[in-house]
Amino acid sequence: MNVNKYEVFLKTVELGSLTKAGDALKYTQSGISHILNSLEKECGMRLLERDRSGVYLNSVGKMLYPYIQKVCECHQQLSEVIDTLLSLESGTIRIGTMTSISTAWLPKLLQSFNEIYPNIKFQMLCGEYSDIEKWIQHGNVDMGFVKEPVSNDLTVYHLKEDEMMVVLPMGHPLAKLEKIPHDLLSQYPFILYIDDENSEIKEILDKYDIASKSQYITKEDYSIMSMVEFGMGISVLPGLVLHRCPYHIEIRGLLPPVYRSLAIAVKYNDILSPIAKEFLKHILNNTP
């Protein structure tokens with residue numbers, strides 16, 4: 001059946017008049033009457049009653065009204081989705097990301113999104129937490145993976161609590177423990193990962209003066225894993241960094257556990273392109 005007939009039917013019931021419905025939909029009164037008669041003929045029964053007071057639903061019309069209303073709503077939603085898809089045929093999405101997410105999450109997210117929108121291009125900038133926040137604020141990227149809390153002028157969508165893990169050489173004495181108490185970290189050579197001032201483990205490092213005792217300091221997490229493998233010390237790294245770890249090392253949690261809060265952030269959601277908004281939804285719906 002023609003959805004247009006349903007729309008005429010709903011407007012006529014809403015206004016209770018053929019004339020008013022015609023004025024609202026830019027039809028003549030006879031045109032409205034012809035459309036309604038055609039609808040009733042297709043249904044095989046009368047749906048409306050007409051008298052001097054106007055037009056109103058009969059008992060059959062009352063039964064069918066909510067279903068006809070639903071069909072029109074679905075048709076409108078279908079049209080909106082089609083319009084959106086037509087605007088998503090091409091474009092570029094710029095993403096700020098960090099190494100751990102680039103290796104653990106992004107490949108699968110990009111692959112699954114590309115299956116839906118094969119002509120979309122991606123530009124990825126990889127940096128530290130503070131770099132990514134600045135890129136979002138300055139418009140260098142459409143969105144970025146960040147660690148909470150972030151600057152107040154960003155819109156943030158929480159994704160996951162990523163547990164901080166202790167990395168140890170194979171056969172290390174601490175590997176006998178399922179979870180490693182914080183105070184034991186200070187008893188062994190420690191390889192320090194230089195992070196922003198709001199590092200998740202900064203409180204632990206300060207409490208046990210671990211930073212000042214560290215012989216090796218680096219900003220490269222894979223270097224840390226390699227040095228740990230060679231028995232040069234122990235360290236603490238985010239769990240995502242250790243995803244598909246290629247090094248022969250032991251990995252244990254902390255006691256009590258420590259987490260970093262990962263999120264995706266944008267400057268203003270309302271200025272994102274349609275395709276960027278779709279990718280943001282894709283991230284929120286598909287993050288492990």
Side-chain angles (χ1 to χ4, degrees), residues 95-107 124-135 144-151 159-263 265 288:
I95 308 167
T97 184
M98 57 194 77
T99 303
S100 57
I101 289 178
S102 295
T103 56
W105 288 354
L106 263 184
M124 288 161 281
L125 295 179
C126 194
E128 303 293 329
Y129 304 129
S130 56
D131 296 328
I132 297 170
E133 286 191 39
K134 290 176 183 176
W135 293 338
F145 293 97
V146 295
K147 183 188 68 173
E148 298 176 287
V150 300
S151 302
L159 296 177
K160 184 183 181 70
E161 293 295 311
D162 185 27
E163 186 175 0
M164 304 298 292
M165 307 299 289
V166 181
V167 288
L168 311 160
M170 298 295 291
H172 192 277
L174 292 180
K176 297 176 182 178
L177 304 176
E178 291 186 8
K179 298 281 186 177
I180 299 175
H182 298 177
D183 62 312
L184 295 186
L185 296 177
S186 63
Q187 298 181 16
Y188 299 90
F190 195 88
I191 305 170
L192 179 63
Y193 179 81
I194 301 177
D195 200 351
D196 294 338
E197 290 186 359
N198 60 342
S199 168
E200 296 81 2
I201 64 167
K202 186 175 187 299
E203 185 176 339
I204 300 172
L205 300 178
D206 291 344
K207 182 176 180 181
Y208 298 104
D209 197 26
I210 294 174
S212 66
K213 299 176 183 177
S214 301
Q215 184 177 358
Y216 304 103
I217 301 175
T218 179
K219 292 188 71 171
E220 221 295 306
D221 39 39
Y222 286 100
S223 294
I224 290 178
M225 286 184 265
S226 180
M227 286 189 283
V228 169
E229 183 180 43
F230 277 88
M232 299 167 68
I234 68 174
S235 190
V236 175
L237 292 172
L240 273 184
V241 171
L242 303 168
H243 179 72
R244 297 171 63 184
C245 175
Y247 298 93
H248 294 89
I249 57 178
E250 303 272 9
I251 302 172
R252 299 291 185 272
L254 283 162
L255 185 66
V258 176
Y259 300 89
R260 64 171 179 167
S261 295
L262 297 177

Taking all non-hydrogen atoms of both residues, which atom of [X] and which atom of [Y] are closest, and how far apart?
X	Y	answer
Gly231	Pro169	CA-CG, 3.8 Å
Leu254	Lys179	O-CD, 3.8 Å
Met124	Leu106	SD-CD1, 3.8 Å
Ile132	Gly127	CD1-O, 3.9 Å
Ser214	Leu192	OG-CB, 3.6 Å
Met225	Cys245	SD-SG, 3.7 Å

So do [Y] and [X] actually touch side chain to side chain, heavy atoms under 4.5 Å?
X	Y	value
Cys126	Ser102	yes
Phe145	Leu262	no
Leu125	Trp135	yes
Tyr216	Ser223	no

When rounded to the nearest 0.5 angstrom, what distance separates [atom1] in [X] from [atom2] in [Y]?
X	Y	atom1	atom2	result
Glu220	Tyr193	CD	OH	8.0 Å
His248	Met170	NE2	CE	7.5 Å
Ile191	Met227	CD1	CE	4.5 Å
Leu168	Glu229	CG	CD	13.0 Å
Glu250	Lys176	CD	NZ	11.5 Å
Leu237	Glu163	CG	CD	13.0 Å

Run the numbers on Ile234 and Ile180 for side chain to side chain contact (heavy atoms under 4.5 Å, CB included), then give the verdict.
-> CA-CA 12 Å; Ile234 68 174; Ile180 299 175; over 6 Å; no
Single hit among Ile210, Ile224, Leu185 for side-chain contact (heavy atoms from CB on, under 4.5 Å) with Val236 | Leu185
Does the side chain to side chain contact (heavy atoms under 4.5 Å, CB included) test come out yes or no for Thr97 and Trp105, once each step is laid out?
-> CA-CA 10 Å; Thr97 184; Trp105 288 354; over 6 Å; no
Could you tell me whether the side chain of Arg252 and the main chain of Leu177 form a donor-acceptor pair under 3.5 Å?
-> yes
Tyr222/Thr103 under side chain to side chain contact (heavy atoms under 4.5 Å, CB included): CA gap, chis, key distance, verdict | CA-CA 12 Å; Tyr222 286 100; Thr103 56; 4.0 Å; yes
Evaluate the criterion side chain to side chain contact (heavy atoms under 4.5 Å, CB included) for residue pair Ile101 and Leu240; output intermediate values, then yes/no.
-> CA-CA 7 Å; Ile101 289 178; Leu240 273 184; 4.1 Å; yes
